[in-house]
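Please read the structure below before turning to the comments.
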Amino acid sequence: MKNVAIIGGGIAGPVTALALRKAGMDATVYEAYPTGADGAGGSLALAPNGMAALEIVGVAGAVRAAAQPSTRSVMTLANRTRLELPSPAGVGPLHTVRRADLYRALRDEAVRQGVRVEYGRRLTGVEGDTAVFGDGSRARFDVLVGADGVHSTVRRLIDPDAPGPKWTGMLGLEGLSSYEVPEDPETTVFAFGRRGYYLYWRNGAGGSTWGVNLPYHRPLSLTQAREVPREEWMRVLRETYGEDVPGGALIRHTPVTSMQVTGALYIMPSVPRWHRDRMVLVGDAAHAPSNSSGQGASLSIESAVQLARCLRDIEDVPQAFATYERLRRSRVEKVAARASKANHAKTPGPVMQKLMPLLMPLLLKTFMDPDRTVGPEQRYRIDWDAPVGALS
């Protein structure tokens, strides 16, 4: 394969390009936006399995340097109950990193390795073995990889009847507050407030970072959300979280200029077809679990690496795609199912709000054993050097 076209320059796209290059294949990344994503997006957590996959493509060191490790998790309920969340044994910390810093690390390594990235190239269609872009340009491909997110164009080209993303009923916002929470910097607190869910952690350099999953009456694209004045968003945040401790203090001590909205939060239902002919999906275009999973970015990185392994070892492209799907579908859908259950708790009704402080300690002792739930997810490792057999 001489021409691998990767549509999307977020996370899965550059990782796919780097993994293909490690496998001896060149690829070009086509990004719809006119520039890189510097300054865009909030923060995300990379699980140990995601960091292990980044080691394979040579980016883990740069990401660790930009990230803040999280070794301890706490849950608070309605300002009254505080629960220590157990962690699976021996898997290592999560790494919290700003999306912009992750994008930059991936882009810099891709450029260093000679991966070509073309900006302002929004895919509009495919004619045979040629990708057609909105600016009228075209690019021939042997394989086309759809790494273009939950609103994927490639997914619709593969299957016009494919499901689209499902809105969670929430918007994502994040900010940097001068209020310093009484936690050590390696502790992340997941808080179920009176009217909404939020999380926060103390920054090593001072202050605290918070993120909210704001219940909202309609989904907004990133563009629509950013058309709303920041002052209005701050008013809504104070109204929603003002009675929470420390949510109210975090919001009140946040300069309006350091608050950003990241748009509607989506999950992907099961996608029936991941590939057709010489087109294939990777990352959020194929699987986007709720952010409750803590695995969205890590699963995208894993899938990018596994796709490259399959294309490296299986000459027949449809067989390579089928094997890639076999390796990935069961894993990502198990994670999505677990996260879906957790997601319902972020918007509890009045009755559930009262019951959660009673039920959650019991659930933590019984059904939420981390070595049985998230442990297998985080211990997963890709053996890059092992050969992949068709439909293995």
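- Counted by atom type alone, Thr130 and Arg138 present zero donor-acceptor pairs between their side chains at under 3.5 Å.
- Counting only heavy atoms from C-beta outward, the side chains of Arg155 and Trp274 never approach each other to under 4.5 Å.
- In terms of heavy-atom proximity, Glu109 sits nearest to Val57 at CG-O, 4.1 Å.
- With no hydrogens or angles considered, no side-chain donor-acceptor pair links Glu302 and Gln306 at under 3.5 Å.
- For Arg235 and Glu239, the salt-bridge test passes: some basic side-chain N is under 4.0 Å from an acidic carboxylate O.
- Using a cutoff of 4.0 Å between basic side-chain nitrogens and carboxylate oxygens, Glu325 and Arg273 are not scored as salt-bridged.
- Other residues, nucleotides and ligands contribute over 12 non-hydrogen atoms within 6.0 Å of the CD atom of Glu232.
- Between the side chain of Gln378 and the backbone N or O of Gly92 there is no donor-acceptor pair closer than 3.5 Å.
- Interatomic distance, Ile11 CD1 to Asp284 CG, rounded to the nearest 0.5 Å: 7.5 Å.
- You'll find the side chain of Arg331 reaches within 4.5 Å of the side chain of Asn49, heavy atoms only.
- Scored by the side-chain contact (heavy atoms from CB on, under 4.5 Å) test, Leu176 finds Asn203, Thr209, Ser258 as partners (sequence neighbours excluded).
- Remark: the Glu174 side chain and the Thr262 side chain contain no N/O donor-acceptor pair separated by less than 3.5 Å.
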